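Structure first, then comments.
Owing to the predicted nature of the structure, the values given are computational and were not obtained by experimental measurement.
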Amino acid sequence: MPKPLRMSRRTWVAAWAVLCAAAIAATAALNTSPAPDPQPEKPVSAECAEYIADIETQLAKAKQEGNDDGVLSFTRTPVGAYDCSDEFLDHFSADR
């Protein structure tokens, strides 16, 4: 079995310094890069917009009454087969 190569302390320090310099340069490059463009808002159907407005009204009412724990329960089921769950997530995820 061949003997492993021994590295001197200077070599280890030099390698560590090079890695640190590379990390600092990469961090500086990432900090100066521009932020990505925001995604355009998707159009929301009138039915979902009405439902979202109703939810916001109930949230505002709960906040006024001092019940602002962020939890609401709904018993209203949407009329028809249209599902607004994606629109709800898009609209209310900005609040978190």
Partners passing side-chain contact (heavy atoms from CB on, under 4.5 Å) against Ser8 (at least two apart in sequence or in another chain): Arg10, Thr11
Gap separating the CG atom of Leu89 from the SG atom of Cys84, nearest 0.5 angstrom: 11.0 Å
Test item: Gln58 and Asp54 side chains (from C-beta on) under 4.5 Å apart, heavy atoms: yes
List the atom pairs, with distances to 0.1 Å, where a side-chain N or O of residues 16-31 and a protein N or O form a donor-acceptor pair under 3.5 Å, not counting sequence neighbours.
unit_1 : atom_1 : unit_2 : atom_2 : d
Thr27  : OG1    : Ala23  : O      : 2.9
Asn31  : ND2    : Thr27  : O      : 3.4

Heavy-atom pair with the smallest gap, counting every atom of Ile52 and Glu87: CD1-O, 4.0 Å
